[in-house]
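In what follows, residues are counted from 1 in the order of the sequence shown.
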Amino acid sequence: MSYVGSDRLTILSEHHTSCPNCGREAVVTVSEYKASDEILVILTLKCYHCHYKKSDVITVVDKSGRKCLEIFVREPEDLNTIVYVPPGSS
């Protein structure tokens with residue numbers, strides 16, 4: 001296991017496969033993100049040839065209770081942040 005960026009994101013595995021878009025070699029990465037009250041598994045397929053990208057997020061542990069998510073945008077680059085909103089959120 002290796003850590004990326006912070007102690008919350010761990011790359012569990014990487015595999016090579018064919019890109020569904022162009023058929024050339026692509027990489028599938030399985031990562032685990034540990035939030036304060038849940039664990040997310042992030043599956044990402046990236047093709048470095050045609051730049052195809054597909055991601056899926058799976059919630060592994062979810063404690064019940066109401067939560068509020070506040071997002072602060074301080075710089076224009078902050079608008080490029082990917083935010084995961086669990087299913088059933090309003």
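No chain of hydrophobic side-chain contacts below 4.5 Å, direct or via other Ile, Leu, Val, Met, Phe, Trp or Tyr residues, connects Ile11 to Leu45.
With rounding to the nearest 0.5 Å, the separation of CG in Leu40 from NZ in Lys34 is 12.0 Å. One distance of note links CD1 of Ile42 with OG1 of Thr10; it measures 10.0 Å at 0.5 Å rounding.
Heavy-atom minimum distance, Cys19 versus Cys47: SG-CB, 3.6 Å.
A search for side chain to side chain donor-acceptor pair (under 3.5 Å) contacts involving His16 returns Glu25, not counting sequence neighbours. Looking at residues two or more places apart in sequence or on another chain, you find a side-chain contact (heavy atoms from CB on, under 4.5 Å) between Lys46 and Thr44, Tyr48, Lys53. Partners of Asp78 by side-chain contact (heavy atoms from CB on, under 4.5 Å), not counting sequence neighbours, listed by chain and number: Val73, Arg74, Glu75.
Val28 has its side chain out of reach of Leu43: every pair of non-hydrogen atoms, C-beta onward, lies at least 4.5 Å apart. No side-chain heavy atom of Cys22 sits less than 4.5 Å from a side-chain heavy atom of Tyr52.
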Show, in sequence, the C-alpha distance, side-chain angles and deciding distance for His15 and Thr17, and conclude whether the side-chain hydrogen bond (donor to acceptor under 3.5 Å, both in side chains) test is met.
CA-CA 7 Å; His15 305 279; Thr17 188; over 6 Å; no

